[in-house]
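Okay, so here's the structure we're looking at.
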Amino acid sequence: MSQRPINRSPDLKRLRDEGYDIELRAGYLIVRDIPYLNAKRAVKRGSLILKLELADDIAQAPGDHTAYFSGDYPCDQNGNAIERIANNSNRVQLGDGLIADHYFSAKPKIPYPDYHSKVTTYEAILAGPAQTVQRGVTARTFPVVESSEAESVFRYVDTASSRADIGIAAEKLAADRVAIVGLGGTGAYLLDLVSKTHVEEIHLYDGDMFSQHNAFRSPGAASGEDLAKKLPKTTYFATIYSRMRRGIVDHRRGIDSDNVKELTLMSFVFMCIDNGPTKALISQQLRAHDVPFVDTGMGVYLVNSAIGGQVRVTSSTSERPSDVDIGSRIPFGESAVGNDYSTNIQIAELNSLNAALAVIRWKKMRGFYHDFDHEHHCTYTIDGNVITNEDKPKAARLAEPSLR
Amino acid sequence: MKENGKNQHPVRVHINRKPYETVTPTTAAALYDLGQIPNHYDLFREVGGNLEDEPVPRGSDVLNLKPDEHFYSEREYTIIVNARPKKVTDPALSFEQLVRLAFDQPPTGGSTLFTITFRNGPKPNREGALLEGQSVKIKNGMIFNVTATDKS
């Protein structure tokens, strides 16, 4: 069923967002799972079927106050039929497999202004008696709302953005084809966040396997079986997140000089790798081709049995100020090994914070969040809970978000 | 306070460019008293040439003084670097000095890029991030973090 008329009709959208199980079929609005009490005072569920007029896929005001109903005749708390809404109880075929058992007429003082009002009024009449027997029983069952490939990158509708009415902001991300280079702790949390946005494609690059220690720095909870499979990291994550959405591309390898050119086809790149020279290779290619990117990294130490350190997000866009060399922000050199200044401590919440800061930065560039300062370098210091912001362009405020 | 008289002879030294008559050998504590060095200040013994001046810690260490030796006191700051308190006497520290303060064995060759952040600094730079080659004025209680930020 297309979500288009529902998305375009505020009353239908409201019903869906509030959790009603609605369907549009054969010119009718069907609302399922309406609780009611039958003559034996048992709580049952039936469907309201309302004639629906659409113009250009937008619901018009209800033409009348009547409704068809599929189920037993609804009763009051004593088991007596609710007479005041009775019209007739002739079984009718409404078309396309729709069958109604009863026809109701609940005339309001003023005509129903929209379908939300009409549905909730009928629901109250029918469900009220049921609620005296089973407290809290409701038609708002929040069924899974599937969506078709043509309509959405998700396998089921993003009702979160719909309920918050931030769909218009969420759409700003749809044009992107992003790459996540490195599916370690930070990359995994980045995928977890980016997968829930409307981006067309998410390309995953990493040459490593998903091992036991990775499970402790990844979102979700890997099972013992998952670990035993020894999957490539990209495959492990692509499988999980493809349950929710299309467009995840599992490249099954990391980035090196042979394939770095693939990244120039992206509209945005997230770098989440440890290797300095690879960062340098990618940075050089992307800057030469004007592809914006964000680099993440953290440095953490153990002193006096407690942990401190810093988490960093550095950006590159066409408006990055030229007076600070990006090589003095992003470590491009070989990682030092086995010294006290290069520990391998990483902790899930720090990876998660690093990913969250990177996603917020990217979304600001796309106009999803307000961004007055356009900082291109940010650090979070653990022992003081401080965020610093550097590398801001000279213009105090830029009118357009930076786009490719 | 004078040391036990054996083997002591008089000597003149200079503390903060003022001449003082005293005896040698003496103790560090005695020298601090002599120069009336206030709390939070340390004495340093001037060393010729390119070598760094030698700190003279407060205490009962025996000191052998040379004629006309120069001592001077400086302000001592206690700052935190990577969760450890450090005492420094420079009123400003450079990126490189902070790296050396942070690590017992700093990397050689300059290939490791560090991220340095600070807070509780003196106005106008209360907090921020430092770039290679930059220096920052310090004050007591200033907190620094110096790490490579290359782990993902």
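Here is how names work: the chains are called A, B, and so on, in the same order as the sequence lines, proteins then strands, and each is numbered from 1. These numbers come from a predicted model, not from an experiment.
Only the side chain of A:Glu390 comes within less than 4.5 Å of a heavy atom of chain B; its backbone N, CA, C and O stay farther away. Contacts between A:Ile330 and chain B at a heavy-atom distance below 4.5 Å involve the backbone alone (N, CA, C, O). Contact annotation for A:Thr186: both backbone and side-chain heavy atoms come within less than 4.5 Å of a heavy atom of chain B. Interface residue A:Arg329: backbone and side-chain heavy atoms are both found under 4.5 Å from chain B. Interface remark: A:Thr296 contributes backbone and side-chain atoms alike to the contact with chain B (heavy atom separation under 4.5 Å). Proximity to chain B (any heavy atom under 4.5 Å) is shown, for A:Asp383, by both the backbone and the side chain.
Separation of atoms CG (A:Asn389) and NE2 (A:His377) is listed at 9.5 Å; rounding is to 0.5 Å. Atom-to-atom distance recorded for B:Thr147:OG1 and B:Phe103:CZ is 7.0 Å, nearest 0.5 angstrom. Atom CZ of B:Phe44 and atom CG of B:Asn16 lie 11.5 Å apart (nearest 0.5 Å). With rounding to the nearest 0.5 angstrom, the CG atom of B:Asp150 is 10.5 Å from the CE atom of A:Met298. Interatomic distance, CG of A:Asp391 versus NE2 of A:His374, reported as 14.0 Å (0.5 Å rounding). In this structure, A:Lys279 NZ and A:Met271 CE are separated by 6.0 Å, a value rounded to the nearest 0.5 Å.
Counting heavy atoms from C-beta on, the side chains of B:Val23 and B:His9 never come closer than 4.5 Å. Inter-residue side-chain proximity for B:Arg17 and B:Tyr72 is flagged as unmet; no heavy-atom pair is nearer than 4.5 Å.
Side-chain N/O atoms of B:Asp90 and B:Tyr77 include no donor and acceptor closer than 3.5 Å.
Using a 30° and 60° split on the angle between ring planes, B:Phe144 and B:Phe118 fall in the tilted class, from 30° to 60°.
Ranked by heavy-atom pairs shorter than 4.5 Å toward chain B, the options A:Asp274, A:Thr388, A:Thr379 are led by A:Asp274.
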Evaluation steps, side-chain hydrogen bond (donor to acceptor under 3.5 Å, both in side chains), between B:Thr117 and A:Thr381: CA-CA 7 Å; B:Thr117 62; A:Thr381 302; 2.8 Å; yes
side-chain contact (heavy atoms from CB on, under 4.5 Å) between A:Arg253 and A:Asp258, intermediate numbers included: CA-CA 11 Å; A:Arg253 62 183 284 195; A:Asp258 290 332; 3.9 Å; yes
Test log, rule side-chain hydrogen bond (donor to acceptor under 3.5 Å, both in side chains), inputs A:Asp250 and A:Thr234: CA-CA 6 Å; A:Asp250 174 3; A:Thr234 52; 2.6 Å; yes
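Contacts between residues 320-327 of chain A and chain B, counted as heavy-atom pairs separated by less than 4.5 Å, involve A:Val324, A:Gly327. Scanning residues 350-363 of chain A against chain B with a 4.5 Å non-hydrogen threshold yields A:Asn351, sorted by number.
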